[in-house]
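Counting starts at 1 for both ligands and their atoms, following the listed order.
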Amino acid sequence: MTSRREFFKFAGIAGGAVAASSVGRAAMAGLPEPVIQTSAQTMPPWVPNTGRPYNPVVTLNGWTLPWRMNQGVKEFHLVAEPVVREMAPGFKAHLWGYNGQSPGPTIEVVEGDRVRIFVTNKLPEPTTVHWHGQRIPNGMDGVAGLNQPAISPGKTFVYEFVARRPGTFMYHPHADEMTQMAMGMMGFWVTHPKAKNPLIDEVQRDFCFLLSAYDIDPGSYTPKIMTMLDFNLWSWNSRIFPGIDSLNVRLHDKVRIRIGNLTMTNHPIHLHGHEFLITGTDGGPTPKSTRWYEVTTDVAVGQMRQIEFLADEEGDWAFHCHKSHHTMNAMGHNLPTLIGVDHSGVAQKINQLIPDYMVMGERGMADMTEMVMPLPDNTTAMMTGEGPFGSVEMGGMFSVLKVRKDQKPGDYKDPGWFKHPDGTVAHEYTGPLGEPARFKAEGGQSMPRTQQPEAATEVRVRKPGAHSSH
Ligand SMILES: [Cu+2]
C-alpha cells in the first residue's frame with residue numbers, strides 16, 4: 001500500500017487540497033485536470049476534504065478519483081485510454097481503461113450530490129459511459145445511439161446528474177461493449193448515504209472490487225475480444241492471484257465488501273471462517289427481513305452484491321470464487337485428465353521429436369504449480385502463491401482476509417502471515433494405523449437389475465476434449 005503522501009504526489013495535489021479555493025479562476029472555467037494513476041497498488045482510502053463527509057471505501061488494487069468542487073458541483077475527469085495493467089508481478093497486459101488503469105478509478109459521492117463528469121476519449125474508436133444502476137435523466141444514461149451520440153476519438157463529453165440514491169454502482173461503456181469491456185473498461189461507483197440510514201450500518205472497513213475476465217494467450221499482451229465463455233484469466237480488479245492484495249482488518253472490525261460482476265459468467269464468492277449477510281445489491285440496501293447468513297454468494301453477470309460480517313476469528317482466511325477453474329491462471333484448455341497414467345519414458349521419446357514437450361498432470365495438477373518450466377515471455381504460472389506452509393496452488397480470483405488483533409484502526413498494511421497459537425495447526429499423525437473398516441452391505445439397498453450386464457462397467461473420469469463453458 002502506498003502512503004497518502006505518495007498518493008497526493010501522483011495526484012499532483014499539494015497536501016491533498018482539492019478545494020475550490022486552490023484552483024485558479026482560469027482553471028475553474030476549464031476542465032478539471034485528469035488525475036492519472038500508474039501503479040496497481042491498493043491506495044489508502046480517499047478521505048474527502050470538500051463536500052459532505054463520508055466513510056471512504058478501499059478499492060482492492062485500485063484507487064478513488066479525486067474531484068474538484070466547482071460552485072457546489074463535484075467535477076470529475078475520466079480519460080478513456082489504452083493502458084498497461086500489471087495483472088500480477090511480472091505479468092503486464094495491454095488493456096483499455098480509464099486514467100491509466102483498468103479498472104478505472106472508483107468514484108465516490110454522497111447521496112444528493114450534483115456530479116459533473118467530463119469524459120475524454122483517447123481510444124481509437126467511439127465510446128460512452130453508462131452509469132450502471134443509477135437513477136438519472138434518460139439523456140445521461142450513456143447508451144450510444146439511444147441516449148446520446150457516441151463520443152468520437154479525441155472528443156470530450158460531459159455528464160451531469162444528481163446521485164439520487166445511496167448504493168454501489170458500476171460504470172462501463174455502452175458503445176462496442178463487447179470489445180471495450182473485454183479490454184477492461186469498467187469502474188466502481190459508490191454513493192454514500194447523506195444521513196444515518198437504518199439499512200446501512202457503520203463499518204470499520206469497506207472494500208470494493210470488480211470481477212473481470214480476459215482471454216490472453218500465453219506469450220501475448222492483448223485480450224482476444226471475440227471470446228464468449230472460454231476466458232483464461234479470471235481477475236479481481238484486473239489482477240490475478242498472487243497479484244491481488246489481501247484484505248487486512250482488525251479483530252472485531254465490522255467489514256463490508258462490495259463486489260460487482262462485469263464478466264460473462266457468474267461467480268460464487270466464498271469466504272472462509274466467517275458468515276456474512278447480503279446487505280445490498282445494485283438496487284440498494286436489502287430489507288433486513290431478507291437477510292440470512294451465508295458463506296458463499298453467487299454474483300451473477302451485471303450484478304453487485306454487498307456482504308457484511310464481523311471479523312471475529314483471527315487468522316489468514318481464504319476468500320475466493322468457488323468455481324475451481326476461476327482460481328487458475330492462463331490454462332491451456334482441452335487437456336485430457338492424465339491422473340494415474342504412468343508417463344515414465346514417454347517424455348524422453350517425445351522429446352527426441354519435440355524438444356520442448358513436457359507431460360503434465362500425472363499426479364493431479366498441483367505438480368504444475370511451481371514446476372520449473374520455460375514459460376512464454378509474458379504469462380504467469382497457472383497456480384502459484386507461496387504461503388507460510390508451501391505453495392497455495394491457486395491463481396485467478398483468490399485472495400486472503402487477514403484478521404489480526406494488533407492491526408491498528410484504519411491501518412490497511414499487510415501484517416504478514418498469521419502466527420498460529422501452539423497446537424492449532426493440522427499436522428501429520430504418526431501413531432499406529434489400523435486397516436480401514438469397509439461397510440459390509442455396500443450397494444445392498446438398490447433395486448436389483450432384471451438383466452445383468454456381461455461385465456461390470458467401471459468409469460474413469462476424463463474430461464471430453466472440447467468444452468464450451470465453465
Ligand atoms: Cu468465478
The atom of H326 among N, O or S that is nearest the Cu ion (ligand 1) is ND1
Using a cut-off of strictly less than 2.8 Å, determine whether C321 has an N/O/S atom near the Cu ion (ligand 1). yes
Cationic tip of R205 above Y412 ring, under 6.0 Å, 45° of axis: yes
Could you tell me the separation between the CG atom of N237 and the CZ atom of R85, rounded to the nearest 0.5 Å? 6.5 Å
Looking only at the aromatic ring of each residue, does the gap between the centers of F309 and H274 stay below 6.0 angstrom? yes
Using every non-hydrogen atom in the two residues, find where L401 and V249 come nearest and quote the distance to one decimal. CD1-CG1, 4.0 Å
Atom name of the N, O or S atom of H267 nearest to the Cu ion (ligand 1) is ND1
